[in-house]
Amino acid sequence: MQPAAPQSPASVDELLERARSLAGRPLGWVAERLSVPVPVDLRRSKGWVGQLLERYLGASAGSRPEPDFPHLGIELKSVPVDRSGRPRESTYVCTAPLDGSLAGTWQDSWVRRKLRCVLWLPVVGEAPVAIAERLVGGALLWSPSPEDEAQLRDDWQELAELIQTGDLRRLDAHTGEVLQLRPKAASSKALTWMLDADANWIQVNPRGFYLRRSFTTHLLARHLRLPGS
DNA sequence: AACTGATCATGT
DNA sequence: ACATGATCAGTT
């Protein structure tokens, strides 16, 4: 993707207005306005949808460890959903520091900071629907409810303990009700350092924090209009 | 069908 | 190597 970046929205309202104006638009329409070619499939373009929408909405480009809209403190997440609005995939949150640099408390964690304010943008359609024909859904500006935050905090604390104690047996995607750890790397051969249970430095596959599908399903369902309402 | 582990592209 | 953006694809 290369064309000029639209100007960044000056306010939350402006961002929301632009995001909501996309509701019902096919991705092909967005791509055409940005003069971006649409891939035939996403196998070699896994981040394409998110990057397209970022660009259209004027998010600051690049992969800096900042919110997509730094001046607004808002993170943009596109999420693939089925036609009932249910997410088809889990949602990546951030890297899990395995090297001892993990925050000591939930309050100071990157997970909490990343999820403080998220603009969810559902994208409806899956194979065999062509990428260009998939539709942008209704944008949702979300911050965790007290209940959401309690669930996230509990899981984060459990996962943080696994990391801090080097409990490799449970350092996998099975742990956590709403938040989980999954591989996050170029391949299973990529390695990073961590301290194991016996305090020896070992090399392991890097992990990231992800939101389980059940969590995003519920958070979208609480806010989306259902047919007939 | 849903889940976990593996993977792809691009920029810092 | 790590951060961003995620989806793929094999297994359960």
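The figures that follow rest on heavy atoms only: side chains count, while hydrogens, waters and symmetry mates do not.
Side-chain nitrogen and oxygen atoms of A:K46 include none within less than 4.0 Å of the OP1 or OP2 phosphate oxygen of B:dT7. The shortest distance between the side-chain N/O atoms of A:R213 and the OP1/OP2 oxygens of B:dC3 is below 4.0 Å. A:S78 has a side-chain polar atom (N or O) that falls below the 4.0 Å cut-off from OP1 or OP2 of C:dA6. Applying the 4.0 Å criterion to OP1 and OP2 of C:dG5, one finds that A:R55 has every side-chain N and O outside that range.
For the segment residues 163-193 of chain A, the set of residues with a heavy atom within less than 4.0 Å of an atom of DNA chain C comprises A:R182, A:K184, A:L191, A:T192, in numerical order.
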Report all side-chain donor-acceptor pairs from residues 119-139 of chain A shorter than 3.5 Å, counting only partners two or more places apart or in another chain.
| residue | atom | partner | partner atom | Å |
| --- | --- | --- | --- | --- |
| A:R134 | NE | A:V129 | O | 3.1 |
| A:R134 | NH2 | A:V129 | O | 3.0 |

ask   = Do A:E75 and A:R116 pass the salt bridge (charged side-chain N to carboxylate O under 4.0 Å, His left out) test, and can you show the C-alpha distance, the side-chain angles, and the key distance before you say yes or no?
value = CA-CA 8 Å; A:E75 179 73 17; A:R116 199 167 160 60; over 6 Å; no
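A:D155 and A:L179 make their closest contact through OD2-N, 3.0 Å (heavy atoms, listed as atom of the first residue, atom of the second, distance). What you find for A:D99 and A:S101 is that their closest heavy atoms are OD1-OG, 2.7 Å.
The distance from atom CD of A:E66 to atom P of C:dA3 is 14 Å, rounded to the nearest whole Å. One can place CG of A:N205 at 13 Å from C1' of C:dA1, the figure rounded to the nearest angstrom. In this structure, CZ of A:R64 is placed 15 Å from C1' of C:dC2, rounded to the nearest angstrom. Counting to the nearest Å, the C1' atom of B:dA2 and the CD atom of A:E126 are 13 Å from each other. The interatomic distance linking A:L121 (CG) with C:dG5 (P) rounds to 14 Å, in whole Å. One atom, CG of A:D41, and another, P of B:dA9, lie 11 Å apart when rounded to the nearest Å. A:W110 places its CH2 atom 13 Å from the C1' atom of C:dT4, with the value rounded to the nearest Å. Between A:Q51 atom CD and C:dT4 atom C1' the separation is 8 Å, expressed in whole Å.
Qualifying ring pair (Phe, Tyr, Trp, His ring centres under 6.0 Å) partners for A:F69, counting only residues two or more places apart in sequence or in other chains: none. When the ring pair (Phe, Tyr, Trp, His ring centres under 6.0 Å) test is applied to A:Y210, the partners found at least two apart in sequence or on another chain are A:Y92.
Residue A:Q203 is classed as having no contact, given no heavy-atom separation below 4.0 Å to the nucleic acid.
Counting heavy atoms from C-beta outward, A:P9 and A:L57 have side chains that stay 4.5 Å or more apart.
Ranking B:dA2, C:dT7, C:dA6 by closeness to the A:R86 side chain, first place goes to B:dA2.
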Strictly under 3.5 Å: I want the nitrogen or oxygen pairs between protein and nucleotides 9-12 of chain C, one per line.
none

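In this structure a side-chain-to-backbone donor-acceptor pair under 3.5 Å is missing from A:R86 to A:T217.
Within the structure, no pair that satisfies the salt bridge (charged side-chain N to carboxylate O under 4.0 Å, His left out) test touches residues 203-220 of chain A, not counting sequence neighbours.
The base of C:dA3 is not paired with the side chain of A:Y92 by any donor and acceptor separated by under 3.5 Å.
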